[in-house]
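Bear in mind that the values here come from a model prediction, so they are computed numbers and not experimental data. When reading the values below, keep in mind they use all heavy atoms of this one structure, side chains included, and skip hydrogens, waters and symmetry mates. Just so we're on the same page: letters track the sequence lines, and every chain starts at 1.
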Protein chains: 2
Amino acid sequence: MNYKIKSRIWIEVDGHILLGEGRVHLLKAIEETGSLSKAAKLLGMSYKKAWSLIDAVNKRAEKPVTTTSIGGKGGGGASLTAYGKSLVETFETINENCWKFLDAQIKNSKLK
Amino acid sequence: MNYKIKSRIWIEVDGHILLGEGRVHLLKAIEETGSLSKAAKLLGMSYKKAWSLIDAVNKRAEKPVTTTSIGGKGGGGASLTAYGKSLVETFETINENCWKFLDAQIKNSKLK
DNA sequence: ATTCGTTATATTTGATAAGTCATAACGCTT
DNA sequence: AAGCGTTATGACTTATCAAATATAACGAAT
């Protein structure tokens, strides 16, 4: 059969999204590049889009997820806080577990 | 903590969506009402939107998911095929299992 | 002082999705 | 024959979201 099961998970706080796959992807790109603008470029996303995503995350999370600096050597930059790194890691672990779980589910169903 | 984990699952065929939560919801409403127009009204959805969703499902699925009749007693109607009912049931079972699984996952994480 | 690359933000434009209207075909009921 | 409620479409309008553009602030380096 051609049927494939897919999933997306996200974390909400107060009924608003805090973290989803896209935001996690962006946070990881920030960690790699040390810059929000470079991370946006890496993902083919406009800077504004990237900035508003990160802004939303920081406003919803109980503690800041990124730190930024303006000006200076290299013009500035952005990086993840320890809390941000732990959020990303937790999310990715649960997400991968979810995929494996669903794979097993579809194998036991009539669809496969 | 206020963090809640949420998920959506869907079934794809050839890279296009076949069935998701919204479509399943609509199929169940058709099963209840025996009519596409009544199902759309029940869900606060335009008839056209409902029709194009069902049309897409029937075009992607390997077998028809609904049967319809035009004219006659009551003007016509729509109902699920046996295959459609089995698709809905399989989807809902996997979906509920996924929720339970994620609840367990979040309880074992640092977030809870 | 000027340049540079970045963060931060508002404004405008464009693209895409969704919603609204209108209309035809159909077959039972009256 | 006429009416009714439904399925089935197309045309048009509206709303929503993403993208592009412009601008300011900042601090180190030159």
Side-chain angles (χ1 to χ4, degrees), chain A residues 8 10 12 15-61 63-81 84, chain B residues 8 10 12 15-61 63-81 84:
Chain A
R8 303 213 60 157
W10 66 94
E12 286 188 3
H16 299 84
I17 186 170
L18 166 68
L19 213 59
E21 271 186 34
R23 298 180 187 199
V24 164
H25 203 182
L26 178 58
L27 287 174
K28 289 176 75 181
I30 290 174
E31 197 175 14
E32 290 171 17
T33 62
S35 151
L36 182 50
S37 68
K38 280 178 189 149
K41 198 164 293 178
L42 187 63
L43 303 187
M45 179 188 304
S46 72
Y47 174 83
K48 183 196 171 95
K49 168 95 175 173
W51 179 85
S52 25
L53 285 175
I54 295 302
D55 186 55
V57 172
N58 280 322
K59 277 179 178 158
R60 289 285 169 203
K63 288 188 285 185
V65 169
T66 60
T67 55
T68 59
S69 66
I70 308 180
K73 172 182 164 192
S79 59
L80 298 197
T81 63
Chain B
R8 301 210 64 155
W10 67 95
E12 286 187 5
H16 299 84
I17 185 168
L18 166 69
L19 213 60
E21 272 185 33
R23 297 179 186 200
V24 164
H25 203 185
L26 178 58
L27 287 174
K28 289 177 74 180
I30 290 173
E31 196 175 16
E32 289 171 17
T33 61
S35 152
L36 182 51
S37 68
K38 279 178 189 148
K41 198 165 293 177
L42 188 63
L43 303 188
M45 179 187 303
S46 72
Y47 173 83
K48 183 188 176 111
K49 167 95 174 172
W51 180 84
S52 31
L53 284 174
I54 296 301
D55 186 55
V57 172
N58 280 320
K59 277 178 178 157
R60 290 284 168 204
K63 289 189 286 186
V65 169
T66 61
T67 55
T68 60
S69 66
I70 308 179
K73 172 181 161 193
S79 59
L80 298 197
T81 63

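For the pair B:Ile70 CD1 and C:dT29 C1', the computed distance is 18 Å after rounding to whole Å. Taking atom CD1 of B:Ile17 as the reference point, atom P of C:dA17 lies 13 Å away to the nearest angstrom. With rounding to whole Å, A:Lys73 atom NZ is found 11 Å from D:dA29 atom C1'.
For the pair B:Thr81 and B:Lys63, the minimum side-chain heavy-atom distance is 4.5 Å or more. A:Lys49 has its side chain within reach of A:Leu53: a pair of non-hydrogen atoms, C-beta onward, lies under 4.5 Å apart. Using a 4.5 Å heavy-atom threshold, the side chains of B:Val24 and B:Lys28 count as touching.
Taken from CG in B:Leu80 to CD in B:Glu32, the straight-line distance is 10.0 Å, to the nearest 0.5 Å. For the atom pair CD1 of A:Ile30 and CD1 of A:Ile54, the computed distance is 3.5 Å after rounding to the nearest 0.5 Å.
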Kindly determine whether A:Thr33 and A:Ser35 satisfy side chain to side chain donor-acceptor pair (under 3.5 Å), including the steps that lead there. CA-CA 5 Å; A:Thr33 62; A:Ser35 151; 5.0 Å; no

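Contacts between residues 30-55 of chain A and DNA chain C, counted as heavy-atom distances below 4.0 Å, involve A:Ser35, A:Leu36, A:Ser37, A:Lys38, A:Tyr47, A:Lys48, A:Trp51.
The shortest distance between the side-chain N/O atoms of A:Thr68 and the OP1/OP2 oxygens of C:dA8 is below 4.0 Å.
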